[in-house]
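A quick note: this is a predicted structure, and the numbers were derived from the prediction, not measured. Any value given below was found using the heavy atoms of this structure, including those in side chains, with hydrogens, waters and symmetry copies removed.
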Amino acid sequence: MKNSTLFELVVPEPVEAKIRHLCDRIHDVEWSGILFYTTEGSMDDGTFKATCIDICVMGIGTSGFTEFKDTSDIASYRLEHKDALLKEGVYEGLIHSHNKMPAFFSSTDESTLESEGDDTNHFLSLIVCNEGKYTARVTRRLKSEITANAHIVYTKTTGYCTYGNRNIFIDKNSKSETDKTQ
């Protein structure tokens, strides 16, 4: 389910400097990693804001693709930066570059967002490019609950099948009503 709720994404100067450095140094291929961030406000009333805390590069790919596997390096990075990253309310998302392409969500990026969003209540993905433009999306896992109330009327027919496959009815059209809540 797609919703176009806007939110504020804050990229403080130290994180911006790290992103610009990576885009300058790794400018011909895509790179990806963990985005550490905090949140405040609510998506429901339009006050949601995510603030980038840090990034940890995990993979350097090709001119059109990047990926990485979750490893113990992420936990090690958190421990090395424990004052900022081991606090309650610091979440992990995804950051990756589109190098020379614009910052947009490709079909691969959409699939990643959907699959990662299935595993957590929220998942934030930030795409950057060499040009300095960014785009981000955050998921929200929905839960559905169905309650059904039904009034059932049924007809009961009693009979048997006899020789020649003929149906013989003994008692026809006795009706019964029940209320069922499930």
Side-chain angles (χ1 to χ4, degrees), residues 1-81 84-142:
M1 174 183 224
K2 238 180 185 178
N3 186 339
S4 61
T5 302
L6 296 178
F7 67 95
E8 183 179 356
L9 179 67
V10 177
V11 182
E13 198 282 319
V15 178
E16 171 69 17
K18 208 174 208 183
I19 293 169
R20 297 299 356 122
H21 176 77
L22 287 164
C23 286
D24 287 343
R25 303 283 277 166
I26 311 170
H27 59 276
D28 287 335
V29 295
E30 292 189 7
W31 54 266
S32 58
I34 302 295
L35 171 69
F36 298 98
Y37 67 98
T38 59
T39 64
E40 59 186 81
S42 169
M43 288 185 194
D44 297 324
D45 64 8
T47 61
F48 181 75
K49 177 169 88 170
T51 302
C52 302
I53 301 299
D54 199 356
I55 60 175
C56 175
V57 176
M58 297 292 293
I60 297 174
T62 67
S63 61
F65 185 77
T66 180
E67 70 178 344
F68 64 90
K69 298 208 182 307
D70 287 342
T71 66
S72 60
D73 292 340
I74 300 166
S76 296
Y77 190 84
R78 272 189 180 255
L79 285 171
E80 289 170 16
H81 302 88
L85 303 181
L86 285 181
K87 295 178 183 175
E88 187 175 339
V90 175
Y91 302 99
E92 292 180 12
L94 172 67
I95 182 170
H96 82 275
S97 71
H98 271 190
N99 59 62
K100 297 175 184 177
M101 297 181 295
F104 70 100
F105 277 82
S106 68
S107 59
T108 301
D109 299 328
E110 291 281 351
S111 294
T112 300
L113 193 65
E114 189 174 312
S115 66
E116 293 294 332
D118 280 346
D119 295 334
T120 60
N121 288 334
H122 299 284
F123 184 76
L124 176 67
S125 179
L126 172 61
I127 300 172
V128 302
C129 67
N130 293 350
E131 187 178 283
K133 295 187 178 173
Y134 305 161
T135 187
R137 291 194 180 156
V138 64
T139 64
R140 176 169 39 183
R141 186 169 45 179
L142 300 177

For V128 and C23, what are the C-alpha separation, side-chain angles and deciding distance, and is it a side-chain contact (heavy atoms from CB on, under 4.5 Å)?
CA-CA 8 Å; V128 302; C23 286; 4.1 Å; yes

Given the rule in the side-chain contact (heavy atoms from CB on, under 4.5 Å) test, do I127 and E30 qualify, once you have shown the distances and angles that lead to the verdict?
CA-CA 10 Å; I127 300 172; E30 292 189 7; over 6 Å; no

V15 vs I53, test: side-chain contact (heavy atoms from CB on, under 4.5 Å). Steps then yes/no.
CA-CA 7 Å; V15 178; I53 301 299; 5.8 Å; no

Mind running side-chain contact (heavy atoms from CB on, under 4.5 Å) on I19 and I95 for me, showing each step along the way?
CA-CA 10 Å; I19 293 169; I95 182 170; 3.9 Å; yes

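A136 pairs by the side-chain contact (heavy atoms from CB on, under 4.5 Å) definition with F7, L9, L124, L126, not counting sequence neighbours. Qualifying side chain to side chain donor-acceptor pair (under 3.5 Å) partners for D54, counting only residues two or more places apart in sequence or in other chains: K18, Y77. Residues forming a salt bridge (charged side-chain N to carboxylate O under 4.0 Å, His left out) with D45 (at least two apart in sequence, or on another chain): none. D24 pairs by the side chain to side chain donor-acceptor pair (under 3.5 Å) definition with nothing, not counting sequence neighbours. In this view, H96 and H98 satisfy the ring-ring contact (aromatic ring centres under 6.0 Å, His included) rule, not counting sequence neighbours. With sequence neighbours excluded, no residue forms a side chain to side chain donor-acceptor pair (under 3.5 Å) with E114. Every residue was checked against the side chain to side chain donor-acceptor pair (under 3.5 Å) condition with Y91, not counting sequence neighbours, and none meets it. Not counting sequence neighbours, the partners of V29 by the side-chain contact (heavy atoms from CB on, under 4.5 Å) test are I26, I60. In this structure E116 satisfies the salt bridge (charged side-chain N to carboxylate O under 4.0 Å, His left out) test with no other residue, sequence neighbours excluded. Remark: E92 engages R78 in a salt bridge (charged side-chain N to carboxylate O under 4.0 Å, His left out) (not counting sequence neighbours).
When all heavy atoms of C52 and V11 are compared, the pair lying nearest together is SG-CG2, 4.0 Å. Scanning both residues, R20 and C129, for their nearest heavy atoms gives NH2-O, 3.4 Å. Residues P12 and T51 come closest through the heavy atom pair CG-CG2, 4.1 Å.
Contacts classified as salt bridge (Lys or Arg N to Asp or Glu O under 4.0 Å) and involving residues 120-130 (residues at least two apart or in different chains) are not found.
With values rounded to the nearest 0.5 angstrom, D44 atom CG is found 5.0 Å from R140 atom CZ.
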Donor-acceptor pairs under 3.5 angstrom involving side-chain atoms of residues 31-41: please list them, not counting sequence neighbours.
unit_1, atom_1, unit_2, atom_2, d
W31, NE1, S97, OG, 3.4
S32, OG, T66, OG1, 2.8

